[in-house]
Protein chains: 2
Amino acid sequence: MPMEARKSGRPRVAVLSRDLILETALKLLDERGEQGAGIRDIARALEVRPSALYNHISGQDDIIAGIRELVSDRIDVSGFGNLSWDDAVRRWAWSYRSAFAAHPPTIAIMVVTPLAPKSRTSQMYEAVCAGLIEAGWPEHMVVNLIVSLECFILGAALDHVAPDNMMDPGEDETAPNFVAAYTARASGLPSPEARPTDIVFEMGLEAMLAGLTATFQQLKGES
Amino acid sequence: MPMEARKSGRPRVAVLSRDLILETALKLLDERGEQGAGIRDIARALEVRPSALYNHISGQDDIIAGIRELVSDRIDVSGFGNLSWDDAVRRWAWSYRSAFAAHPPTIAIMVVTPLAPKSRTSQMYEAVCAGLIEAGWPEHMVVNLIVSLECFILGAALDHVAPDNMMDPGEDETAPNFVAAYTARASGLPSPEARPTDIVFEMGLEAMLAGLTATFQQLKGES
DNA sequence: TCGCAAAATGAACACTGTTCGTTATTGTAG
DNA sequence: CTACAATAACGAACAGTGTTCATTTTGCGA
């Protein structure tokens with residue numbers, strides 16, 4: 001750990017690598033959120049100059065795409081092939097939400113960044129596809145099913161990082177039904193430390209799975 | 001429309017207003033997307049200096065929050081009180097997705113920005129709450145129901161602005177099921193110009209509504 | 001050993017959102 | 001009507017962002 005200024009020129013021992021940069025970025029995201037994980041923050045944490053990072057990554061978008069890969073590793077696909085398809089989806093969905101809720105910036109980028117072939121994210125999709133096809137879902141429906149679940153999951157991940165009271169209507173006398181419903185919601189929580197976002201996620205996921213299960217049984221009934 | 005440089009000091013006729021700034025920002029977002037709608041872009045479009053905007057808005061976050069209000073106006077709540085609750089939700093959800101898909105930046109901010117009392121967004125929630133409560137949904141469940149639908153809608157809005165081929169696995173031989181499912185999806189489109197995101201949205205929404213309808217009927221059966 | 005490539009620092013760029021001083025005009029109170 | 005405070009524009013500059021490119025130093029392969 002050098003206490004003096006590092007010399008210009010190639011170091012004797014490599015200081016940086018792509019993986020190190022990505023792991024540092026993810027760590028900063030975890031600790032400080034989006035605002036504390038910029039190029040300069042990462043460079044400072046690694047005790048190099050910001051421009052040194054560009055020898056290993058092409059830019060900030062590259063960092064975010066790499067973080068996405070790291071986060072994808074946290075998505076639990078172990079249920080597919082071992083549990084019923086809907087239980088496997090439950091496990092996948094909860095772990096998926098949890099993985100991305102910790103890193104909101106990756107959500108917007110993930111939705112917009114083309115998938116790199118042979119990436120970890122690609123392998124995650126492979127496991128889910130294989131599980132659903134094996135369970136009996138028609139091939140042409142599987143990707144749509146995954147994406148629609150993902151829409152819900154990613155929206156829910158964003159919801160999970162928002163403050164719990166951000167939808168509080170206060171004492172708005174122009175919105176009496178909204179106020180009453182919001183108040184009633186708080187008194188309907190199973191326990192004081194329960195997060196509303198967990199209730200929302202379970203409600204939405206179970207509704208989707210119930211609907212998909214009905215579709216699935218209809219398809220089985222037709223064949 | 002002055003052809004010469006505007007003088008320093010208060011103008012004889014007001015040049016700016018909060019509404020004008022917000023409408024211009026929304027227009028730029030529509031035309032150029034997020035990258036073409038910054039403070040300097042708005043100022044340039046209105047032929048003033050960037051700092052002049054700060055007499056009417058507190059900052060960029062304020063602009064985005066204002067845009068959110070304008071976009072909320074485009075959400076169609078007319079079905080509530082006039083249609084069955086699930087048909088009203090369908091109309092709301094499709095218009096909601098459409099309104100926000102055009103302005104991705106507002107999604108991230110909306111999820112994180114506390115709701116201002118008596119705002120248009122608040123009125124939108126009031127209409128939805130009133131409709132669902134009138135239809136018979138228990139008060140304590142209504143907000144959770146709305147938020148879970150919103151999670152899906154906002155995720156789907158993000159999905160809708162992404163390129164259609166961003167999930168293309170190409171010829172990845174390590175992901176055969178994924179490749180097969182992706183290929184089969186393309187051949188399963190109802191028409192060549194159909195957007196996959198519309199299929200996804202309908203599939204997910206209908207699944208959620210089917211599940212919620214089952215829950216609703218269960219609640220009615222219990223009472 | 002030599003030459004080229006890699007990887008670090010250094011210097012600077014273009015751009016962002018924002019603050020605050022100056023200028024010119026309006027609005028309000030006496 | 002006058003004086004002063006408030007308003008709203010421009011001007012100048014700030015702090016911060018991601019990035020490029022030149023220079024320096026070292027590793028690696030032939």
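- Annotation: proximity of residues 7-14 of chain B to DNA chain C (heavy atom, distance under 4.0 Å) is found for B:Lys7, B:Ser8, B:Gly9, B:Arg10, B:Arg12, numbered in ascending order.
- Among B:Asn177, B:Asp172, B:Asn165, the one residue that satisfies the side-chain contact (heavy atoms from CB on, under 4.5 Å) test with B:Tyr182 is B:Asn165.
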* To do: Start with the C-alpha gap between B:Tyr125 and B:Val77, add the side-chain angles, then the distance that decides, and say whether side chain to side chain contact (heavy atoms under 4.5 Å, CB included) holds.
  => CA-CA 9 Å; B:Tyr125 285 129; B:Val77 293; over 6 Å; no
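- Remark: A:Gly38, A:Ile39, A:Arg40 in residues 25-43 of chain A come within less than 4.0 Å of DNA chain D through at least one heavy atom.
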* **A:Arg195 vs A:His160, side chain to side chain contact (heavy atoms under 4.5 Å, CB included): CA-CA, chis, key distance, verdict** => CA-CA 9 Å; A:Arg195 281 209 69 185; A:His160 196 50; 3.4 Å; yes
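- Other residues, nucleotides and ligands place no more than 12 heavy atoms under 6.0 Å from the CD atom of B:Glu171.
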* Could you give me the CA-CA distance, side-chain angles and deciding distance for A:Val147 and B:Arg185, then say whether side chain to side chain contact (heavy atoms under 4.5 Å, CB included) is met? => CA-CA 12 Å; A:Val147 177; B:Arg185 178 209 208 191; 4.3 Å; yes
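- Of the residues in residues 48-57 of chain A, A:Val48, A:Arg49, A:Ser51, A:Ala52, A:Asn55, A:His56 come within less than 4.0 Å of DNA chain C through at least one heavy atom, sorted by number.
- Annotation: side chain of A:Val128 is not in contact with side chain of B:Phe178 (no heavy-atom distance under 4.5 Å).
- As rounded to whole Å, 17 Å separates atom C1' of D:dT7 from atom CZ of B:Arg18.
- If you look at A:Phe152 and A:Phe201, their ring centroids are closer than 6.0 Å.
- In this structure the side chain of A:Lys27 never reaches within 4.5 angstrom of the side chain of A:Thr24, judged on heavy atoms.
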* To do: Go through B:Leu154 and A:Asp159 one step at a time and tell me if the side chain to side chain contact (heavy atoms under 4.5 Å, CB included) criterion holds.
  => CA-CA 10 Å; B:Leu154 296 179; A:Asp159 181 51; over 6 Å; no
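- With values rounded to the nearest 0.5 angstrom, A:His140 atom NE2 is found 10.0 Å from B:Ile199 atom CD1.
- Rounded to whole Å, atom C1' of C:dA7 lies 14 Å from atom CG of A:Leu46.
- In this structure, B:Glu47 places its CD atom 10 Å from P of D:dC10, rounding to the nearest Å.
- Between B:Leu20 atom CG and D:dA9 atom C1' the separation is 14 Å, expressed in whole Å.
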